[in-house]
2 protein chains.
Amino acid sequence: MENAAAKKGRPRSEKSRKAILNATNKLLLQTSVQELSIESIAKKAKVGKTTIYRWWPNKTAVVMDALASQPGMQTPLPTASSHHDAITMQLDKLIRLVDSNNGQTIAQLFSEAQASEISLNIFKDNLLEPLMDAIRYSIEEGQKNGEFRDDIEISLAADMLCGPIFFRLMAHAKDLDRDFHKTYPDEAIKILAPANAN
Amino acid sequence: MENAAAKKGRPRSEKSRKAILNATNKLLLQTSVQELSIESIAKKAKVGKTTIYRWWPNKTAVVMDALASQPGMQTPLPTASSHHDAITMQLDKLIRLVDSNNGQTIAQLFSEAQASEISLNIFKDNLLEPLMDAIRYSIEEGQKNGEFRDDIEISLAADMLCGPIFFRLMAHAKDLDRDFHKTYPDEAIKILAPANAN
DNA sequence: AGTATAAAACTCATCGTTTCGTATTTGGAT
DNA sequence: ATCCAAATACGAAACGATGAGTTTTATACT
């Protein structure tokens, strides 16, 4: 359906798309994802509601796109000299992400995802899994080369590294402070330290 | 307003209250907290919508009460022989809680709390903080008597113990499986092991 | 006598869909 | 190249459905 260069008619307006994502980002500075309505986006973007519904399945998808469209969301990590460093850098990046203006939005997206299977998948595919995959990969490689202890399941270790960050974001975001930034990654990675180390 | 034994007239109907909480619990087996409407509760409980609004401030409060009214939610922990054991038992209890029928409901309540300050406080006061307080207390005592290392902040350690459980509940509840039950508490508490141990 | 109750009607907001007339682009024919 | 017709996206408006939270009223209970 998506192939077939033989397609007539008017193409999707890139102008509308940008206006919509832009308006979404602006509105998110003032309201929560839950309070945000498709109608308000349409109004702010000076666009018909139909246009939004045509291109996105639901609100979560729009917000996710809007988030991704922000500059700075796509910056790759610098290469690390060890898997240990790679992981602390990834955790550091995650902490900065949830402590930014977008932190609340991310928490709210994660929340929306609890009510709808579709939203959960959108959230996972676009944000959570890429992040977790990278961490799981680093854990696996670090286990292979002996940097980490290998008597812990990879998926469990990844949850133990990332879980507390999301938990703090949702339970008491105030405490995502400088001290947490500084101490958490180093503290967390200890769970992977080989038994003979320390 | 709530005191004053000198009150004439009809008192609050305990029958209505139970019917409402009961209906809420039943409906929660079929729908998410987000989808649950006060109207549907009223209808199922054969009660006027007004009655619900008179006694609870919002949906979160009703659901919270309904959850607490279930048998098994109030069971105290057996006394532990050490703070180490106390914590693993508390973690075990938390895992059983979120892996029960109520797991999804708890995740959804946590989610609702992200959009509303009132809901967040209801959730924290009734569920999260009692739990976290107990764990923080055990950490503190264990640090005092030398059972745990004391070069980690109590609040951080508590988040590192509980965070992964909530994270798994919300991100991939399927993996709250028997293996997780069995391995997580023992694995998690290692973060508190003294440096010379192992 | 006083108050809680169920039921119903009400206002208001928003959702997601549908309809409609218009604007715009494309591909093919000339 | 130029024009035309088909195809499609567009904004605006209206729709029915749903549910929130309030108000009213007559009734039941203590």
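Sequence order on DNA chain C of the closest nucleotides to B:Ser13 and A:Asn58 puts B:Ser13 first from the 5' end. Nearest-nucleotide positions on DNA chain C for B:Glu14 and B:Glu39 put B:Glu14 closer to the 5' end.
The base of D:dG11 has none of its N or O atoms less than 3.5 Å from a complementary donor or acceptor on the side chain of A:Lys49. You'll find a donor-acceptor pair under 3.5 Å spanning the side chain of A:Thr50 and the base of D:dA12, going by distance alone.
When every heavy atom of B:Ala45 is checked against every heavy atom of B:Ala19, the shortest pair comes out as CB-O, 3.5 Å.
Neither OP1 nor OP2 of D:dT18 sits under 4.0 Å from any side-chain N or O of B:Ser37. Checking the phosphate oxygens (OP1, OP2) of D:dG11, a side-chain nitrogen or oxygen of A:Thr51 falls inside 4.0 Å. OP1 or OP2 of C:dA6 sits under 4.0 Å from a side-chain N or O of B:Ser16.
The distance from atom CZ of A:Arg10 to atom C1' of C:dT25 is 8 Å, rounded to the nearest whole Å. One can place NZ of B:Lys46 at 9 Å from P of C:dA7, the figure rounded to the nearest angstrom. Atoms NZ (A:Lys18) and P (D:dA9) sit 20 Å apart, rounded to a whole Å. The distance between atom CH2 of A:Trp55 and atom C1' of C:dT17, rounded to the nearest whole Å, is 18 Å. Regarding B:Lys15, its NZ atom lies at a distance of 9 Å from the P atom of C:dA6, rounded to whole Å. Distance A:Arg54 CZ to C:dT18 C1': 12 Å, rounded to the nearest Å. Summarising the geometry, the separation between CZ on A:Arg12 and P on C:dT26 is reported as 16 Å, rounded to the nearest angstrom. Taking atom CD of residue B:Glu35 and atom C1' of nucleotide C:dC15, one finds them 14 Å apart after rounding to whole Å.
Here B:Glu187 pairs with A:Arg149 in a salt bridge; the nearest charged N to carboxylate O distance falls below 4.0 Å. Using a cut-off of 4.0 Å between Lys/Arg side-chain N and Asp/Glu carboxylate O, B:Arg136 and B:Glu153 are scored as not salt-bridged.
Among D:dA6, C:dG16, C:dA4, the nucleotide with an atom closest to any side-chain atom of A:Tyr53 is C:dG16. The A:Ile38 side chain lies nearest to C:dG16 when the options are C:dA6, D:dC10, C:dG16. For A:Lys8, counting side-chain heavy atoms from C-beta on, the closest listed nucleotide (C:dT5, D:dA6, D:dT8) is D:dA6.
Looking only at side-chain heavy atoms (C-beta outward), B:Leu28 and B:Asn101 stay at 4.5 Å or farther from each other.
For B:Phe167 and A:Phe167, the ring centers are positioned 6.0 Å apart or more.
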